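First comes the structure, then the notes that go with it.
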Amino acid sequence: MASHPVYTTLNVPTVTSYPSVRCLQWSSDGQACFATKTAAYIMTPDHGVHFDASSVIKSVKERKDHEGTPSIGWFRTIIPFEKSDLPRWPEYSQAWGAVSLGSIDVALWDVTFSPSGLSPDSGCILAGLTSNMDLTLWTASKNCLKGEWIKACEVTTFLLETFAGDATSTGQTVQALNSQTTSMTWSRQADFGLTPTPPVDGSLLIVGNRAGSLVFLRYRPNETVQHVLTVPVMEAWLTHVSCSSWTPIKPGTCEALVAYAAADGSVQRSKVTQSFSIEADSDPPELRLTFDASEKISLPDKTSVTALSWVEIPHKRRVLVYCKPGKVFLWCHSSSNLGWSGSLSYRLKTQKLSVGSSSLHPASGIQYIARQDLLILTLFDGSFHVIYNLSGEPTMTPPMNDTLVTSEKLSQAVRSVFVQTENDVDSCDMNRVTGLTSYDGSSTFIWVQEASRPSDFSYKHDAKHNSTLLVSSLWNDNDDDALVNEFQAVFDGAKITAGLAPLHLLRPFFFHLQDRTKLLALYPRILDLLKPRNDDHSLLVNVPTWTSMMPELRRIFRTSLVQHLFGWDVLFSLRMRLSMADFVWKYIGDESKQVECGHVAQDLLNKISHRVLRTIIRHLTTVVTLLTPNDIPFVLRMVVQSLLPGSPEDLSAEGNRLQNISQAAVYPNPQDTPVTNTFNELCPACQVEVPLQDITTAVCANGHTWARCSITTFILSTTLVRTCVGCSRKAFLPLSTPNTPNHNWLPEAAHSWIVEELLEAVHRCLFCNNSFVTVL
């Protein structure tokens, strides 16, 4: 068998996992989640992460050759799912239909992730479903990379309260069946087609239950959920639910497709429409959800559905893919602009890899490879099945005899990796693949395998199970032009509404460009794409003026800051370009090219800083009549920054104007203006005055050097700080951070309501848009 490059081989001992297309999946934060019987393993590749490199876990088997792309390091943390405090369903209903056999040996059934930006640290929330039909939400407490994840909400308890009815046996049975979750998915963030994007959570946790109903829930920042809508759709258990991405149909309104499968083998789909009132000023904003009539895709046939997923074809329509034993089905709406519509079905062929091979095994991976227009289906036995030309005329017949990607070649490639990484295997050993997904959107995949001998019929208890997490390239795909085109598409098509973190979007490029030979070959084209091309969007920032301190003013002020600091797609693109420029500078290994790349990175940094500064200055200008003497030190800092060398003239003019009107508003009598320079700070070590000459570091006359807060530019002289995982910049923790001292830890000059609201508004790094973590 041919040898394939293996970039990760991590053993996960004493673990049992079940085959599913979501057994191994990526979160919107770029973290891989491996769901096992008793825990969820959260694995973060070290590409682009500049934080605590000593905690990175390396593969047990390093690649023998050190040329090309190096092996991948990982941060790891575990979410254990305890078997205590589970719902006792007989207490709610004695009906046979409400019996839960999964309570005998409780296991983790399924997990799904929210879009990025919902958790308290602006990351993802994990929803976990157990075999006892119990649904819980989990979030990282301080450090999403390697820290503890805590339970944020008991969704089952909420559902029991929501569906509580009369005390009759029928009412109790209805309550139990509607609260017993059998499937779930979390939609992407809604795209309402507005610029800048309003800070509104339009994602939905969609739950299928035993009553045959879809329950639409929405997460709330106070770690609770809101019941949005319940729709009865079938008269059988809903075993699978999948939601497509949202498509804006007019400003403030978008739609998505929800597909669901029942235990009797039937599949249906419905359209959901969500609207957001631009003028609404409620907290939280009101979102209206409507559910259209269902359309039948597959009639009941008593055959279980093993997988259900939407495939998004770029610039075209969505395709629904679902699997039953021995078959894969495709469905597309008749109004699509694809080369086909309606339903298609394909019978799978058994790939003879081991004695346990069969086409009747459940699916463990569904991947669409846009570069080759391929749909790749993976089964539990480690076999692959390829459908070509998905957007044209789908077929399982290879277009040419020498096609690199075929069902047989991919199956043999995974079998080859299995032989490489396992000891003493033969045809009796089955390489069970319980989960697989793409690593780079092309030829490199990440999957979980376990050696098994199904032919000996022996029981293997949990302690003897040993799974392996693998990353490997299954075919040679050195299409540099395609890589550069995808590189450009990510930057030009960056959208905040996708709810995807930069570490997730840039992972394929971080991975491939670690190969210095490839990086040097593509360097001129990459550097050209990194250069900013957009006009200054901050000139379009328009904020209404407030003249009275209303009770809700601080909330409105904070919301406006969030919208303009993190709601512009062009600013998001700039931040990703800066992350990539820093990466290229680090790995290029050529001094002259480093200097050239450094100039591009500095230009990007200046543009981001100036646009963020203008946004803050314009917000300060709108509340100038509400400023107090405590706010002046921060206002003057913003003014000084606008006057530093390199600042655009129009930005400096706005800064000067802010200084004049703020001084006149706070000190109507010029004689009351303080004589001291209130924006300078004292060195925490020697109490010597430190001038504001650099927004990143502070150096006093005695040589003491201090880091500055990346948000407020005040000296960081406290341990209550947060660190960006992408660029290591630090910032003060907001005062609302739980489990912190009840006193104000900000410097005295920062005791301003504006500084407090700014720290609350900046939930991600201002320079690279990655999330913060807290160490202490």
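Predicted, not measured: the structure shown is a model, and the values here were computed from it.
The backbone N or O of Ala259 sits nowhere less than 3.5 Å from a side-chain atom of Arg269 that would complete a donor-acceptor pair. For the pair Arg318 (side chain) and His333 (backbone), a donor-acceptor distance under 3.5 Å is absent. In this structure, Ser364 contributes its side chain and Val433 its backbone to a donor-acceptor pair below 3.5 Å. Between the side chain of Thr403 and the main chain of Met400, a donor-acceptor pair closer than 3.5 Å is present. Side chain of Ser183 to backbone of Leu238: a donor-acceptor contact under 3.5 angstrom is found. Looking only at distances, no side-chain donor or acceptor of Gln488 sits under 3.5 Å from a matching main-chain atom of Gly493. The closest donor-acceptor contact from the side chain of Gln351 to the backbone of Ser411 lies at 3.5 Å or more, if one exists at all. A donor-acceptor pair is defined here as one N or O able to donate and one able to accept, closer than 3.5 Å; such a pair exists between the side chain of Thr406 and the backbone of Lys409.
Closest heavy-atom contact between Phe216 and Val272: CZ-CG1, 3.9 Å. Nearest approach of Leu377 to Cys323, heavy atoms of both residues: CD1-SG, 3.6 Å. Of all heavy-atom pairs spanning Ile369 and Gly441, the tightest one is CG2-O, 3.6 Å. Met234 and Val267 get closest at one heavy-atom pair: CE-C, 4.3 Å.
Taking 4.5 Å as the limit, every side-chain heavy atom of Leu374 sits out of range of all side-chain heavy atoms of Leu390. For the pair Leu469/Met43, a side-chain contact is recorded, criterion being any heavy-atom separation below 4.5 Å from C-beta on. Using a 4.5 Å heavy-atom cutoff, the side chains of Leu375 and Leu330 are in contact. The shortest distance between side-chain heavy atoms of Thr8 and Leu470 does not fall below 4.5 Å. Within the 4.5 Å cutoff, the side chain of Val305 has heavy atoms near those of the Lys324 side chain. The shortest distance between side-chain heavy atoms of Ser443 and Leu474 does not fall below 4.5 Å. Using a 4.5 Å heavy-atom threshold, the side chains of Tyr388 and Glu393 count as separate. Annotation: side chain of Leu353 is not in contact with side chain of Phe384 (no heavy-atom distance under 4.5 Å).
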Assess the residue pair Trp331 and Val319 against the criterion (side chain to side chain contact (heavy atoms under 4.5 Å, CB included)); give the C-alpha distance rounded to whole Å, side-chain angles, the decisive distance to 0.1 Å, and a yes or no. CA-CA 6 Å; Trp331 178 88; Val319 175; over 6 Å; no
Worked check of side chain to side chain contact (heavy atoms under 4.5 Å, CB included) between Ser298 and Tyr322: CA-CA 10 Å; Ser298 175; Tyr322 61 98; 3.4 Å; yes
Where do Leu308 and Leu320 land on the side chain to side chain contact (heavy atoms under 4.5 Å, CB included) test, with the steps shown first? CA-CA 7 Å; Leu308 179 78; Leu320 179 65; 3.7 Å; yes
Run the side chain to side chain contact (heavy atoms under 4.5 Å, CB included) check on Ile297 and Ser343 step by step: do they pass? CA-CA 8 Å; Ile297 296 176; Ser343 296; 4.2 Å; yes
Please evaluate residues Trp26 and Phe113 with respect to the criterion ring-ring contact (aromatic ring centres under 6.0 Å, His included), reporting the C-alpha separation (whole Å), side-chain torsions for both, the decisive distance (0.1 Å), and the verdict. CA-CA 8 Å; Trp26 290 106; Phe113 282 93; over 10 Å; no
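Ion pairing between Arg432 and Asp381 fails under the 4.0 Å rule for side-chain N and carboxylate O. We find that Asp492 and Arg533 are not joined by a salt bridge, their nearest charged nitrogen and carboxylate oxygen being 4.0 Å or further apart. Taking a cutoff of 4.0 Å between a charged side-chain nitrogen and a carboxylate oxygen, Arg22 and Asp110 qualify as a salt bridge. Using a 4.0 Å cut-off between charged side-chain N and carboxylate O, Glu295 and Lys271 make no salt bridge.
Among residues two or more places apart in sequence or in another chain, the side chain to side chain contact (heavy atoms under 4.5 Å, CB included) test is passed with His763 by Ser122, Val562, Phe566. The ring-ring contact (aromatic ring centres under 6.0 Å, His included) test applied to His361 returns Phe380, not counting sequence neighbours.
Around atom CG of Asp535, no more than 12 heavy atoms belonging to other residues, nucleotides or ligands sit under 6.0 Å away. For Lys518, the NZ atom is densely surrounded, since the number of other residues' heavy atoms within 6.0 Å is greater than 12.
Atoms CG and CG, on Leu299 and Asp264 in that order, are 9.5 Å from each other to the nearest 0.5 Å. Note that CH2 of Trp109 and OG1 of Thr181 are 10.0 Å apart. Values are rounded to the nearest 0.5 Å. How far OG of Ser28 is from CG of Leu503: 12.0 Å, rounded to the nearest 0.5 Å. Interatomic distance, Cys124 SG to Leu118 CG, rounded to the nearest 0.5 Å: 8.0 Å. Residue Ser119 holds its OG atom at 6.0 Å from CD1 of Ile125, rounded to the nearest 0.5 Å. With rounding to the nearest 0.5 Å, the separation of OG1 in Thr195 from NE2 in His537 is 11.0 Å.
Among Ser771, Ser116, Ser114, the single residue meeting the side chain to side chain donor-acceptor pair (under 3.5 Å) criterion with Asp29 is Ser116. Just one residue in the list Arg188, Gln189, Glu312 forms a side chain to side chain donor-acceptor pair (under 3.5 Å) with Ser245, and that residue is Glu312. Phe583 pairs with exactly one of Phe511, Phe509, Phe510 by the ring-ring contact (aromatic ring centres under 6.0 Å, His included) rule, that one being Phe510. Of the listed residues (Leu205, Leu137, Thr139), just one forms a side chain to side chain contact (heavy atoms under 4.5 Å, CB included) with Tyr219, and that residue is Leu137.
Sorted by first and then second residue, the pairs that involve residues 494-505 and meet side chain to side chain donor-acceptor pair (under 3.5 Å), not counting sequence neighbours, are His504-Arg507.
Judged purely by distance below 3.5 Å, without hydrogens or angles, the side chains of Asp440 and Ser442 never pair a donor atom with an acceptor atom. Between the side chains of Asn431 and Arg415, a donor-acceptor pair is found at a separation under 3.5 Å. Side-chain atoms of Thr182 and Asn209 include no donor-acceptor pair closer than 3.5 Å. No hydrogens or angles considered: a donor-acceptor pair under 3.5 Å links the side chains of Asn476 and Asn478. At a cut-off of 3.5 Å, with distance as the only test, a side-chain donor of Trp186 or Ser203 sits close to an acceptor on the other residue. Neither side chain, Thr350 nor Ser358, offers a donor N or O lying under 3.5 Å from an acceptor on the other. In this structure, a donor-acceptor pair under 3.5 Å is present between the side chains of Thr434 and Ser17. With 3.5 Å as the limit, one finds a donor-acceptor pair spanning the side chains of Ser294 and Tyr260.
Classification of the Phe276-Phe192 ring pair by plane angle, with boundaries at 30° and 60°, yields tilted. Between Phe445 and Trp475, the angle of the ring planes lies from 30° to 60°, which puts this pair in the tilted group.
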